[in-house]
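Please read these numbers as outputs of a predicted model, since none were measured by experiment.
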Amino acid sequence: MALTNIDGGCLCGSVRYRIQGAAINSMICHCRTCRRAAAAPVVAWVTFPIERFRFVKGEVTEYSSSAPVRRTFCACCGTPLTYTHADAPQFVDITTCSLDDPDSFPPTHHSWLRHDVGWLKFADGLPQFPESRNDRTV
C-alpha cells in the first residue's frame with residue numbers, strides 16, 4: 001500500500017517539505033512561546049512521526065526557543081515551519097497553515113489556554129485545556 005504524500009512550504013516558496021502517512025495529532029496552541037514565535041494570537045499545529053518528514057527544497061534556519069524545543073523557519077520570508085521537543089524526538093509538529101491543504105487537518109482541541117490573550121475567544125466547540133491535552137478541560 002502506497003503512503004499518501006502531504007506537501008507544504010513557506011510563503012515565498014524557497015522551502016518545501018513532504019510528509020508521508022497520517023497525522024497523529026492536530027491542535028491549536030495558545031502558549032506564549034508559539035504566539036511570540038509566530039507573532040499571532042494562536043498557532044495551529046499538526047503532528048507526524050519524524051521519520052516520515054523531510055525537507056525537499058531549500059534550507060531552513062533552526063533555533064532553540066527554549067532548552068527542549070527546536071523550531072525552524074524560512075530565512076527568506078520568515079514563515080514558521082516546524083517544532084520539535086527533546087522529550088518526544090520521534091515526532092515533528094508542522095504549522096498547519098504551511099501545508100498546501102490545511103483544510104485536511106482540522107484541529108481537535110485547544111491547548112495552553114492559561115496563556116491565552118483575553119480578547120480572542122473561539123466558539124468552535126472543541127475541547128480546551130489549561131496546558132496540554134492531559135489536563136482537565138476549562
Candidate pair T33 and R71, rule side chain to side chain contact (heavy atoms under 4.5 Å, CB included), full reasoning: CA-CA 11 Å; T33 309; R71 295 174 187 263; 3.3 Å; yes

message: Could you list the cluster mates of I24? Members are the ILVMFWY residues connected by side-chain heavy atoms closer than 4.5 Å, either directly or through other members.
response: F91

query: Do W112 and W119 belong to the same hydrophobic cluster, where Ile, Leu, Val, Met, Phe, Trp and Tyr are linked whenever their side-chain heavy atoms lie under 4.5 Å apart, directly or via other members?
result: no

- request: Could you tell me the separation between the OG1 atom of T96 and the CH2 atom of W45, rounded to the nearest 0.5 Å?
  value: 8.5 Å

query: Closest approach of F73 and P80, non-hydrogen atoms and distance?
result: CB-CA, 4.0 Å

- request: Kindly give the heavy-atom pair with the smallest separation between V43 and C34, and that separation in Å.
  value: CG2-O, 3.5 Å

Under the salt bridge (Lys or Arg N to Asp or Glu O under 4.0 Å) test, residues paired with E59 that sit two or more places apart: none

message: With heavy-atom distances below 4.5 Å as the criterion, would you say the side chains of C10 and C76 are in contact?
response: no

message: With salt bridge (charged side-chain N to carboxylate O under 4.0 Å, His left out) as the rule and sequence neighbours excluded, what pairs involving residues 21-41 come up?
response: none

statement: Members sharing V92's hydrophobic cluster, built from side-chain contacts under 4.5 Å between Ile, Leu, Val, Met, Phe, Trp and Tyr, are I6, V15, Y17, I19, V46, F48, I50, F53, F55, V60, L81, I94, L99, F105

message: Can you pull out every salt bridge (charged side-chain N to carboxylate O under 4.0 Å, His left out) where at least one residue sits in residues 6-16? Sequence neighbours excluded, please.
response: D7-R18, R16-D100

- prompt: Do P107 and L126 come within less than 4.5 Å of each other through their side chains, counting heavy atoms only?
  reply: yes

task: Evaluate the side-chain proximity of R70 to P89: yes if any heavy-atom separation is below 4.5 Å, no if none is.
output: no

Any donor-acceptor N/O pair, S14 side chain to G58 backbone, under 3.5 Å: no

- prompt: Between H30 and H115, what is the shortest heavy-atom contact and its length?
  reply: O-CB, 3.5 Å

query: Parallel, tilted or perpendicular: which describes the rings of F122 and H110, with under 30° parallel and over 60° perpendicular?
result: tilted

message: Please report the interatomic distance CZ(R52) to CD(Q20), rounded to the nearest 0.5 Å.
response: 7.0 Å

field: CG-SG distance between D116 and C29, expressed to the nearest 0.5 angstrom
entry: 10.0 Å

query: So which heavy atom on L11 is nearest to which on C77, and how close?
result: N-SG, 3.7 Å

message: Taking ring-ring contact (aromatic ring centres under 6.0 Å, His included) as the definition, give me every residue that meets it alongside H85, ordered by chain and number, with sequence neighbours left out.
response: none

- line: The single option from T79, T61, T82 that satisfies side-chain hydrogen bond (donor to acceptor under 3.5 Å, both in side chains) with T72 is T82

task: Check whether any side-chain N or O of T108 sits under 3.5 Å from a backbone N or O of S26 as a donor-acceptor pair, and report yes or no.
output: yes

